[in-house]
There are 2 protein chains.
Amino acid sequence: MSFSPLIQQLITSLRCLPGVGPKSAQRMAFHLLERDPDGALALAEALQKSVSEIGHCKLCRTLSETEICDICSATDRDSSVLCILESPIDVLAVEQTGGFNGLYFVLSGHLSPIDGIGPEDLGIDKLLERVQSSDIKELILATNPTVEGEATAHYIAAQVKDLGVKVSRIAHGVPVGGELEFVDGGTLAHALAGRRSLL
Amino acid sequence: MSFSPLIQQLITSLRCLPGVGPKSAQRMAFHLLERDPDGALALAEALQKSVSEIGHCKLCRTLSETEICDICSATDRDSSVLCILESPIDVLAVEQTGGFNGLYFVLSGHLSPIDGIGPEDLGIDKLLERVQSSDIKELILATNPTVEGEATAHYIAAQVKDLGVKVSRIAHGVPVGGELEFVDGGTLAHALAGRRSLL
C-alpha cells in the first residue's frame with residue numbers, strides 16, 4: 001500500500017531537508033497534517049519569503065536580506081582584518097565566540113576539482129579585488145580543517161602573496177575540554193608542532 | 001549576534017517539524033537557502049497544497065484527499081472486520097504486514113482525560129454509529145500498547161458490548177526476532193499469560 005499522491009508528494013518534498021530520511025519524512029508529514037496544519041502553512045510562507053528575499057551580501061557574500069549585511073555595515077568593527085570562511089553558518093560560529101571584531105568574507109564552499117568547483121565558483125576573484133581595493137592588513141584563513149579546506153586556504157595564500165597583506169591560518173590543536181587519549185594522531189601531531197612556549 | 005529577521009523566522013518555522021531542535025533547524029535553513037532553494041519552494045508548495053486539500057475520509061477518518069479513501073472504497077476487502085487504530089500512520093503499518101484485508105477506523109489519538117480528550121474528540125460516537133448501521137461482525141482493537149491505548153481499547157469494548165459484535169485486542173507478547181533477555185517484565189508477563197498450546 002502506498003500513500004495518496006499528495007501525501008506522497010509532501011513526504012518526498014520533506015526529504016530535501018538535510019538529515020531527513022524516508023521514515024522521518026513520513027512522521028513529519030503526518031504530524032503536520034494531523035496536528036499542526038497552521039505550523040505547516042507558516043513554514044510554507046517562511047520558505048517562500050526567505051527564498052525570494054534573502055540573497056548574498058555584496059561585500060562579504062554571507063546570506064542577507066539587505067544588500068550589505070549588518071556586520072559589513074557596522075561602523076564599530078575593525079575593517080583591516082578579514083576572516084575567510086566557507087559558509088554563512090561559520091560566520092555565526094565565529095561571532096558567537098565574541099573574540100573577533102573584524103569583517104568576514106564567505107566563500108561558497110571549498111575548492112573541489114573533482115566536483116568541478118574552481119576558484120571562480122568560490123568568489124576568490126572577488127576576494128582578491130576586495131583585498132586590492134581596500135585597506136585590509138590581515139587575512140585570517142578560517143576554512144574548515146579538512147583536506148579541501150586546507151587546499152582552499154593554501155590556494156588563497158598563494159594568490160595574495162604579492163599583495164602585501166599578512167595571511168594567517170587558524171590554529172590546529174587539541175580541542176579545549178577534550179582528552180588527549182581521544183584526540184586523533186593528525187591533530188595531536190599538529191598540536192605538538194604548533195606548541196607555544198609558556199616560559 | 002543573531003540572524004537577520006527573515007532567516008530567524010525560517011529557523012523558527014522549521015521547528016514545527018517533529019524532532020527538529022534549534023541546531024537542526026539552523027542547519028536546514030542554511031542548507032535550503034545556500035544549496036537547495038528549488039527544493040525549498042517545492043516543499044512550500046507541497047505543504048500548502050496538502051494542508052488545503054487533504055482531509056479525513058468520511059468513513060474511516062484516515063487522511064485522504066478524496067472524500068472516501070482508497071481502502072474504504074475498495075470492493076475486494078472484507079467489510080465485516082474493522083480494525084481500530086490511533087492514527088493514520090498506523091494504517092500504513094498494518095497494511096504493510098499484508099496480513100489484514102478488512103477495513104479500518106482511525107481514532108484521533110487516544111483517551112486522555114488529563115489533556116481534556118474525551119470519547120467525542122476521538123470520534124468514538126461515529127464508530128458506534130458505524131457499527132450499528134453496517135454489517136460489521138468483528139472489531140479488532142489495535143490501539144497502541146500504552147496505558148492510554150489500553151484504556152481507549154477497554155472503553156470501546158465496554159461501549160460495544162451490547163451491539164452483538166465480536167471484539168478482540170491485538171496480542172501482546174515478545175516481538176519477533178527479539179531476545180528474551182532484553183524484553184521488559186510487563187511484556188514477558190503478557191507473553192506467558194497469552195501462551196498458545198502447540199501440541
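Computed from a prediction, not measured in an experiment: that's the story for all the values here. All chains are named by letter (A, B, ...) in the order of the sequence lines, taking the proteins before the strands, and each is independently numbered beginning at 1.
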Chemist: Could you tell me if the side chain of B:V20 sits less than 4.5 Å from the side chain of A:L17, heavy atoms only?
Modeler: no

Chemist: Has the side chain of B:E65 got a donor or acceptor atom that lies under 3.5 Å from a matching backbone atom of A:L6?
Modeler: yes

Chemist: Sort by residue number and list every residue of residues 24-37 of chain B having at least one heavy atom under 4.5 Å from chain A.
Modeler: B:Q26, B:R27, B:M28, B:F30, B:H31, B:L32, B:L33, B:E34, B:R35, B:D36, B:P37

Chemist: With chain B as the partner, which of A:S87, A:G19, A:P5, A:S64 has the greatest number of non-hydrogen pairs under 4.5 Å?
Modeler: A:P5

Chemist: Could you give the distance from CD (A:Q9) to NZ (B:K49), rounded to the nearest 0.5 Å?
Modeler: 5.0 Å

Chemist: More than 12 foreign heavy atoms under 6.0 Å from CD1 of B:I114: is that the case here?
Modeler: no

Chemist: What about A:L85 and A:L82, same hydrophobic cluster or not, with Ile/Leu/Val/Met/Phe/Trp/Tyr joined at side-chain heavy-atom distances under 4.5 Å?
Modeler: yes

Chemist: Starting from B:V165, can I reach B:I170 by hopping between I/L/V/M/F/W/Y residues whose side chains sit under 4.5 Å apart?
Modeler: yes

Chemist: Enter the distance from B:S50:OG to A:L41:CG here, rounded to the nearest 0.5 Å.
Modeler: 10.0 Å

Chemist: Side-chain heavy atoms nearer than 4.5 Å, only ILVMFWY residues, links allowed to pass through others: does that put A:V91 and A:L59 together?
Modeler: no

Chemist: In terms of hydrophobic clusters joined by side-chain contacts under 4.5 Å, are A:F105 and A:L163 together?
Modeler: yes

Chemist: Among B:P18, B:A46, B:G109, who wins on heavy-atom pairs under 4.5 Å with chain A?
Modeler: B:P18

Chemist: Heavy-atom pairs under 4.5 Å with chain B - which of A:D38, A:T66, A:L43 has more of them than the others?
Modeler: A:L43

Chemist: Between A:S13 and B:A42, what is the shortest heavy-atom contact and its length?
Modeler: OG-O, 4.0 Å

Chemist: Taking C-beta and beyond as the side chain, do B:I54 and A:L10 meet within less than 4.5 Å on heavy atoms?
Modeler: no

Chemist: I need the minimum non-hydrogen distance between A:A40 and B:C16, along with the two atoms involved.
Modeler: N-SG, 4.4 Å

Chemist: Is the NE2 atom of A:H154 crowded by more than 12 outside heavy atoms at less than 6.0 Å?
Modeler: no

Chemist: When you look at CD of A:E45, are more than 12 heavy atoms from neighbouring residues, nucleotides or ligands closer to it than 6.0 Å?
Modeler: no

